[in-house]
Amino acid sequence: MVAEDDPRMRLVLRRTLEQIEGVYVVGSAANGEELLNLVEQMQPDVVFLDVDMPGVDGVTAAKEIVDIDPQIFIVFATGYSQYMEQAFEVYAFDYLLKPYRLNRIAKTMERIKELMALREQASKSSSPVWVPGGSARKLAVLVERNWVFLNADEIVMITRELRKTKIHTLLDSVSTYEPLGVIEKRLGGEPFLRCHRGYIINLNFIKELIPWGRDTYLVRMEHTDQTALMTEDKAEALRERFGLSAS
């Protein structure tokens, strides 16, 4: 999906992407608000967006996209180099400067396709579900009008999905409108780690860290086919915790 307020540049970007084998542009938007509506409706794998757009700007839209689905690849395509630091703060996968070059965009898309294949492979190699004897500690979450009490030790990971917080346990999953930050405070720290803006993981179930774009890692977890993302600073803290070197 592409978002660009200049209709000529929007067409150029769309036509450039459509020249790349295996890439399909499922929609285009002229501003951030239109983009967010399309992302919720169509759930694209990748979003190319400009920074300077009327109304909801690109950086703000990127933050909202992470809230909708943290695993969407965000690529900024803009004429302004000064927003690069802000872009990577919202976990942008890449930052492309105008004028667009086919070979540069093609390299970005090839890397994204490789990572998508890696993520699919990781999700297929999950461990069988294990059902424990129970846990003494409970996490209370508000589901619709009811309070649901989950065994905290059975929570594998928590993420944002379509503006809801989704809690994956050993047995099933539960969705709530409560923000991820509220759930994080309620969990009270280890073994739970807020490893990314859109993810909390249970360190007792972490299985593998895989390099994933710029300053990000894909996290494979035990007992689920879902994967999480982890930022470089969290990965560094994790390496220190386990006495590992960065190499």
Engineer: Tell me if the CD atom of E33 is crowded by more than 12 foreign heavy atoms within 6.0 Å.
Structural biologist: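 No.
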Engineer: For the CZ atom on R101, are there more than 12 heavy atoms of other groups (residues, nucleotides or ligands in this structure) within a distance under 6.0 Å?
Structural biologist: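 Open: at most 12 neighbouring heavy atoms sit under 6.0 Å from CZ of R101.
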Engineer: Work out which heavy atom in Y100 is nearest to a heavy atom in V12; give both atom names and the distance.
Structural biologist: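 Between these two residues, the closest heavy atoms are CD1-CG1, 3.9 Å.
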Engineer: Should K166 and E161 count as an ion pair when the cut-off is N to O under 4.0 Å?
Structural biologist: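 Judged by the 4.0 Å cut-off on N to carboxylate O distance, K166 and E161 do form a salt bridge.
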Engineer: Quick check for you: to the nearest 0.5 Å, what is the distance between L171 atom CG and T169 atom OG1?
Structural biologist: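 Interatomic distance, L171 CG to T169 OG1, rounded to 0.5 Å: 5.0 Å.
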Engineer: Taking atom CD of E114 as the centre, report whether more than 12 heavy atoms of other residues, nucleotides or ligands fall under 6.0 Å from it.
Structural biologist: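 Counting neighbours around CD of E114, more than 12 heavy atoms of other residues, nucleotides or ligands fall under 6.0 Å, so yes.
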Engineer: Going through the distances and angles, do I158 and L187 end up as a side-chain contact (heavy atoms from CB on, under 4.5 Å)?
Structural biologist: CA-CA 11 Å; I158 307 171; L187 286 167; 3.7 Å; yes
Engineer: Any side-chain heavy atom of F205 sitting closer than 4.5 Å to one from L203?
Structural biologist: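 A side-chain contact is absent here, since even the closest heavy-atom pair is not under 4.5 Å.
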Engineer: Test of understanding: with side chain to side chain donor-acceptor pair (under 3.5 Å), list the residues that count as partners of R15, not counting sequence neighbours.
Structural biologist: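 For R15, no residue satisfies side chain to side chain donor-acceptor pair (under 3.5 Å) once neighbours in sequence are set aside.
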Engineer: To the nearest 0.5 Å, tell me how far C195 SG sits from I206 CD1.
Structural biologist: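 Taking SG in C195 and CD1 in I206, the distance rounds to 7.5 Å.
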Engineer: Which heavy-atom pair separates L209 from A235 by the least distance, and what is that distance?
Structural biologist: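 So the two residues come closest at CD1-CB, 4.4 Å.
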Engineer: If you measure from the Lys or Arg side-chain nitrogens to the Asp or Glu carboxylate oxygens, is any gap between K164 and E178 under 4.0 Å?
Structural biologist: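 Salt bridge between K164 and E178, a charged N being under 4.0 Å from a carboxylate O: no.
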Engineer: Minimum heavy-atom separation for A29 and L38, please, with both atom names.
Structural biologist: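 It is CB-CD1, 4.1 Å.
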Engineer: Do I183 and V141 make a side-chain contact, defined as non-hydrogen atoms from C-beta onward lying under 4.5 Å apart?
Structural biologist: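 Yes, close enough: below the 4.5 Å cut-off.
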Engineer: Is it true that, when you exclude K98 itself, more than 12 heavy atoms of the residues, nucleotides or ligands shown sit nearer than 6.0 Å to its NZ?
Structural biologist: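 Atom NZ in K98 is crowded, with more than 12 foreign heavy atoms closer than 6.0 Å.
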Engineer: Between I112 and F93, does a side-chain contact (heavy atoms from CB on, under 4.5 Å) hold up when you go through it step by step?
Structural biologist: CA-CA 9 Å; I112 287 174; F93 180 78; 3.5 Å; yes
Engineer: State plainly whether the residues E4 and R14 are in salt-bridge range, i.e. N to O under 4.0 Å.
Structural biologist: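 Between R14 and E4 there is no salt bridge, as every charged N stays at least 4.0 Å from the carboxylate O atoms.
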Engineer: When rounded to the nearest 0.5 angstrom, what distance separates CG in D233 from CG in L238?
Structural biologist: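 The CG atom of D233 sits 11.5 Å away from the CG atom of L238.
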Engineer: Can a donor-acceptor pair be found, under 3.5 Å and without considering hydrogens, that links the side chain of N151 to the backbone of D153?
Structural biologist: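 No, because the side chain of N151 does not come within donor-acceptor range (under 3.5 Å) of the backbone of D153.
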Engineer: Could you check whether any side-chain heavy atom of L180 comes within less than 4.5 Å of a side-chain heavy atom of E184, counting everything from C-beta outward?
Structural biologist: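 Result no, sub-4.5 Å side-chain heavy-atom pair not found.
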Engineer: Assess the residue pair D52 and T78 against the criterion (side-chain contact (heavy atoms from CB on, under 4.5 Å)); give the C-alpha distance rounded to whole Å, side-chain angles, the decisive distance to 0.1 Å, and a yes or no.
Structural biologist: CA-CA 8 Å; D52 188 20; T78 180; 5.6 Å; no
Engineer: Just by distance, do the side chain of R8 and the backbone of L11 share a donor-acceptor pair under 3.5 Å?
Structural biologist: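 It does not hold such a pair.
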Engineer: Step by step, work out the salt bridge (charged side-chain N to carboxylate O under 4.0 Å, His left out) result for E236 and R241.
Structural biologist: CA-CA 9 Å; E236 176 60 29; R241 185 180 185 274; over 6 Å; no
Engineer: Between K107 and D94, is the closest basic N to carboxylate O distance under 4.0 Å?
Structural biologist: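 Between K107 and D94 there is no salt bridge, as every charged N stays at least 4.0 Å from the carboxylate O atoms.
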Engineer: Taking K113 first and then E110, would you say they form a salt bridge - that is, a charged N and a carboxylate O separated by under 4.0 Å?
Structural biologist: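 Yes, charged N to carboxylate O under 4.0 Å.
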Engineer: If you look at every heavy atom in V51 and D57, which pair is closest and at what distance?
Structural biologist: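 Scanning both residues, the minimum pair turns out to be O-CB, 3.5 Å.
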Engineer: For F192 and A152, which heavy atoms make the closest approach, and how far apart are they?
Structural biologist: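 Shortest heavy-atom contact: CZ-O, 3.2 Å.
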Engineer: Quick one: closest heavy-atom pair of P179 and T165, and the distance?
Structural biologist: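 So the minimum-distance heavy-atom pair works out to C-OG1, 3.7 Å.
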Engineer: Using a strict cut-off of less than 4.0 Å between a Lys/Arg side-chain nitrogen and an Asp/Glu carboxylate oxygen, indicate whether R10 and D5 qualify as a salt bridge.
Structural biologist: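 D5 and R10: not salt-bridged.
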Engineer: Check whether any side-chain heavy atom of K234 lies under 4.5 Å from a side-chain heavy atom of T231, and answer yes or no.
Structural biologist: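 Side chain of K234 against side chain of T231, heavy atoms only: contact under 4.5 Å found.
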Engineer: Quick one, D50 with F76, criterion side-chain contact (heavy atoms from CB on, under 4.5 Å). Give me CA distance, side-chain angles, the key distance, then yes/no.
Structural biologist: CA-CA 6 Å; D50 193 6; F76 282 92; over 6 Å; no
Engineer: Would you indicate whether Q19, at its atom CD, is surrounded by more than 12 heavy atoms from other residues, nucleotides or ligands within a distance under 6.0 Å?
Structural biologist: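 For Q19, atom CD is crowded (more than 12 foreign heavy atoms under 6.0 Å).
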Engineer: Side chain of N31, backbone of E34: donor and acceptor closer than 3.5 Å?
Structural biologist: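 The answer is yes, because a donor-acceptor pair under 3.5 Å joins these two groups.
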Engineer: Without hydrogens or angle criteria, can the side chains of E18 and Y24 be said to hold a donor-acceptor pair below 3.5 Å?
Structural biologist: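 No, Y24 and E18 have no side-chain donor paired with an acceptor closer than 3.5 Å.
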Engineer: Quick one: side chains of residues 66-73, donor-acceptor pairs under 3.5 Å with protein atoms, not counting sequence neighbours, listed by atom name and distance.
Structural biologist:
unit_1 : atom_1 : unit_2 : atom_2 : d
D67    : OD1    : R160   : NE     : 2.5
D67    : OD1    : R160   : NH2    : 3.1
D67    : OD2    : R160   : NH2    : 3.1
D69    : OD1    : Q71    : N      : 3.0
Q71    : OE1    : R119   : NE     : 3.1
Q71    : OE1    : R119   : NH1    : 2.5
Q71    : NE2    : Y199   : OH     : 3.1
Q71    : NE2    : T227   : O      : 2.7
Q71    : NE2    : T227   : OG1    : 3.1

Engineer: Roughly how far, to the nearest 0.5 Å, is the CZ atom of F48 from the CD1 atom of I74?
Structural biologist: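 Answer for the CD1-CZ pair, I74 versus F48, is 12.0 Å.
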Engineer: Would you compute the distance between atom CG of L229 and atom OG1 of T159 and round it to the nearest 0.5 angstrom?
Structural biologist: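 Answer for the CG-OG1 pair, L229 versus T159, is 8.0 Å.
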